[in-house]
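Only a predicted model underlies this, so the values are computations on that prediction, with no experimental measurement involved. In this chain, numbering begins with 1 at the start of the sequence shown.
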Amino acid sequence: MDPVTASNADHLLKLVERSAFIGFWRLDAKQGHLYWSEQLARLHGAPPGYTPTFENALGHYAEEHRAELEARMRACQEQGIPFDIEVQLNSLQGRRIWVRCVGQPLAAADGSLAGAEGLVQEIAPAGYAAGTLMRHTVSMGGALGSGEAFVTIDAQGRISYANEQAEQMLGGEAIAGRKIWSFFQKRARLALEERFMHALERREAIELEELDAQVSHWLELRGFPFGAGLALHLRDVTARRRAQQHLMLLEGSIARLNDIVIITEAAPFRAPGPRIVFVNEAFERRTGYSRDEVIGHSPRLLQGPDTQRPQLDRIRAALEQWERVRVDLINYTKAGEPYWVDLDVSPVWDEARRLTHWVAVGRDITERKRDEEKIQYLAFYDPLTQLPNRQMLLDRLNEAVGESGHAREGALMFIDLDNFKVLNDTLGHQKGDLLLQQVARRLRNCVAKGDLVARLGGDEFVVLLENRPDKPLDPVTAAEAVSQRILEGLGEPYVLPGYLHHSTCSIGVTLFGKAPSSVNELLKQADLAMYQAKAAGRNAVRFFDPEMQAVASANAALASDLRQAWRDNQLKIEYQPQVGMDGRMFGVEALLRWEHPTRGIVRPDEFIPTAEETSLIIPIGHWVLEAACAQLAEWAKRPDRSHLSIAVNVSVRQFRHPDFIDEVMTCVRRTGIRPDRLKLELTESLLADHLDAAIAKMRNLKDMGVRLSVDDFGIGYSSLSYLKRLPIDELKIDRAFVKDILVDGNDAAIAGTIIGLCRSLGLEVIAEGVETEEQRAFLHRQGCERYQGYLYCRPLPLANLEAFMEAHPGPGAALTPEPSSEVS
């Protein structure tokens with residue numbers, strides 16, 4: 001190359017380096033020599049000719065970027081991989097500068113890698129005056145910015161670079177190193193920190209607007225990931241935010257123009273009334289009248305047949321008193337269509353306090369009124385059947401029984417569909433809803449006009465018959481006639497999609513009007529009568545009588561006393577020994593006892609059903625289970641007691657509780673007892689429904705090692721078809737068969753059959769209620785070798801049981817039998 005040309009090229013290269021803030025470097029790998037151009041030295045704050053070693057050169061770069069830069073440089077010279085990255089360098093004067101570092105491999109004459117060469121360019125140079133093209137900021141694509149405030153932050157959110165605009169906006173020059181979120185209002189800093197750190201970790205763009213730390217300016221911030229941080233543009237948008245607030249106010253005013261506006265003269269107040277002088281466009285759109293059609297006329301042209309006279313009178317009275325008035329009014333369009341308007345009429349005064357005009361602002365509330373009508377309908381009608389609901393029934397009942405001062409005679413009828421749950425469970429709720437709709441139609445056809453048919457909910461309906469002047473009736477005769485029509489009407493087949501359903505109902509009737517009675521009393525009486533109809537076999541009618549109420553009241557009192565007994569620890573556990581053929585105890589049955597302070601001893605067959613109905617049986621049953629397991633753990637410590645088992649009665653509701661299996665498992669594990677020492681006695685009634693689910697639970701208990709017994713076998717829902725499927729260990733012969741086993745051939749035959757059945761199925765059998773040696777001997781001859789009853793011992797508290805066992809370590813004499821009427 002010509003020397004002059006070479007000189008010009010070198011001069012041009014230096015010019016490009018200075019103008020673009022670019023420095024050139026070359027690394028000779030074989031010689032280990034690093035070359036820096038003058039501009040590159042200047043970029044580092046070093047004098048011309050400064051050329052460091054490769055290791056020293058790396059030391060000029062920020063510590064967090066140094067490892068990446070070194071790895072890129074070595075990969076370029078050793079593997080020929082070019083690179084282009086953004087990093088920060090530390091000048092010799094201590095200034096941190098963002099630069100773009102570009103490298104490419106350097107090839108020798110023979111094609112081998114000889115080193116690397118490249119450029120270092122300052123990204124945001126500070127050597128130009130404000131407003132020049134080079135005073136720029138970086139964006140996501142690297143495009144030049146417009147001179148707005150700009151900062152960069154590192155991976156911890158600290159400001160690593162800020163231009164002059166950013167320093168002025170954020171309050172001074174000493175902002176480097178501060179966390180970016182510290183420049184915003186305190187209450188937002190924690191949330192901002194989370195957003196920035198999220199963007200930094202995921203290298204995502206970020207946009208936000210927030211008040212500054214002085215809570216005086218709104219700052220807009222847009223950030224883009226680059227290098228090891230974010231490049232952030234900041235802009236003061238306070239003016240725009242204020243403009244938005246003003247715009248919102250303006251929008252509210254414009255929305256007001258959607259209301260109907262009518263301006264009239266101040267007088268006259270009476271016919272034909274003040275004349276219209278102005279209407280807005282909203283008036284024309286809603287009413288269909290043009291402005292020319294109404295100017296000079298009275299607003300009365302908007303009235304129609306349903307316009308409310310009381311509201312018009314209120315308006316006239318207010319006009320005469322020069323007062324503001326607001327009413328909900330029905331007006332009519334030009335086409336005769338009614339619509340509701342919320343009308344606000346106000347007087348307009350001049351400076352001399354003289355009335356000049358009336359301004360009426362009307363808001364169309366037709367949709368709101370329709371919604372109110374729907375809400376009113378839903379408040380008093382059942383949406384499924386379109387029948388009146390409980391609220392309307394209560395209102396009518398209050399009126400009928402005289403709580404409003406006018407009592408009438410009548411009858412209240414409760415109707416409940418029989419076995420409706422079975423339909424819902426088997427065919428689904430959709431078919432159940434269709435059935436309820438058909439039932440509602442049939443019930444309406446069974447009563448006369450004016451009688452009330454209501455739906456309380458579910459499959460419960462009510463009919464209210466009243467003796468009124470326009471429809472006199474005898475309540476008893478009318479109730480009998482209507483109830484028979486209902487039984488016949490609801491007993492007809494129902495045509496459901498793909499299915500012909502047969503159903504019946506149970507009806508409870510109570511009469512009112514002869515004596516004072518409250519609504520609540522009538523509802524309870526009809527409900528009780530309906531349950532009596534169900535107890536009578538369903539598809540029946542029953543009238544309420546006082547005895548029924550007495551039973552219900554007694555049951556309620558017993559339930560209340562039982563709750564108190566549970567709270568006061570009145571319930572106790574007694575244990576009755578179970579013995580084998582040789583008279584030795586092999587276990588006991590845990591029996592619940594209740595001695596009430598005033599009732600005395602309450603029999604289990606009296607309070608256990610109440611515990612079932614009130615769900616108290618769940619905590620009570622768990623308490624008995626815990627006590628039994630704890631006692632087994634104590635007996636396991638004594639060799640002469642460790643063989644004993646405890647049988648615990650499990651109620652239907654307790655067994656079906658979803659946590660029952662877990663409760664048993666927890667008790668066994670916590671006490672550390674042998675599971676086969678715990679025997680759960682199940683009643684046959686729990687097998688009447690959901691047999692598969694019951695068997696699955698029983699198998700879970702068997703898998704745990706717990707023994708299972710069916711209590712009172714033969715008096716419940718016995719079925720040989722399911723007996724073979726049950727994972728049980730034992731059947732108990734009920735005391736009802738044992739009591740007369742020596743004098744009643746049927747009882748003897750049943751007991752013998754149960755014993756033979758157990759022998760065939762490989763089950764153990766135990767007879768309860770054994771009171772005499774003759775009964776035991778008979779059972780023994782039949783093959784029963786396990787007994788429980790007063791022949792051996794009555795149920796005893798734990799301390800007495802322990803004393804009994806100490807006194808009878810082996811076979812012993814039977815105790816004096818107690819009367820067989822006692823429950824054991």
Less than 3.5 Å apart, any donor N or O on the side chain of [X] or [Y] sitting next to an acceptor on the other?
X	Y	result
Asp711	Thr683	no
Gln576	Glu589	no
Gln437	Thr385	no
Ser645	Arg707	no
Thr504	Asp418	yes

Looking at [Y] and [X], is any side-chain nitrogen of the basic one under 4.0 Å from a carboxylate oxygen of the acidic one?
X	Y	value
Glu626	Arg670	yes
Asp734	Lys739	no
Arg641	Glu802	yes
Arg390	Asp382	no
Lys679	Glu730	yes
Lys572	Glu595	no
Glu773	Arg776	yes
Glu806	Arg638	yes
Glu764	Arg786	yes

Euclidean distance, Asn700 CG relative to Ile695 CD1, rounded to 0.5 Å: 12.5 Å
In this structure, which one of [options] forms a side-chain contact (heavy atoms from CB on, under 4.5 Å) with [X]?
X	options	result
Ile573	Leu798, Val648, Val624, Leu591	Val624
Gln525	Thr510, Leu511, Val509	Thr510
Gln578	Val588, Ile766, Ile646	Ile766
Met530	Val541, Asp416, Ile507	Asp416

Salt bridge (Lys or Arg N to Asp or Glu O under 4.0 Å) assessment of Arg725 paired with Asp692: CA-CA 10 Å; Arg725 297 175 55 194; Asp692 290 337; 2.7 Å; yes
Please examine the side chains of [Y] and [X], heavy atoms only from C-beta on, and report whether any two atoms are closer than 4.5 Å.
X	Y	answer
Cys629	Ile673	yes
Ser503	Phe420	no
Leu616	Ile618	no

[X] (side chain) donor-acceptor with [Y] (main chain) under 3.5 angstrom:
X	Y	result
Arg442	Gly489	yes
Arg677	Ser642	yes
Gln775	Glu771	yes

Cation-pi, Phe655 ring and Lys697 (6.0 angstrom, 45 degrees):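 Output yes; distance and angle both within limits.
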Whether Trp566 and Trp623 hold their rings parallel, tilted or perpendicular, with breakpoints at 30° and 60°: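 Correct class here is perpendicular.
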Evaluation steps, salt bridge (Lys or Arg N to Asp or Glu O under 4.0 Å), between Glu681 and Lys732: CA-CA 9 Å; Glu681 293 192 358; Lys732 292 190 76 173; 3.1 Å; yes
All pairs passing salt bridge (charged side-chain N to carboxylate O under 4.0 Å, His left out) where residues 751-761 contributes a residue, at least two apart: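 As it turns out, there is no salt bridge (charged side-chain N to carboxylate O under 4.0 Å, His left out) pair with a partner in residues 751-761 once direct neighbours are skipped.
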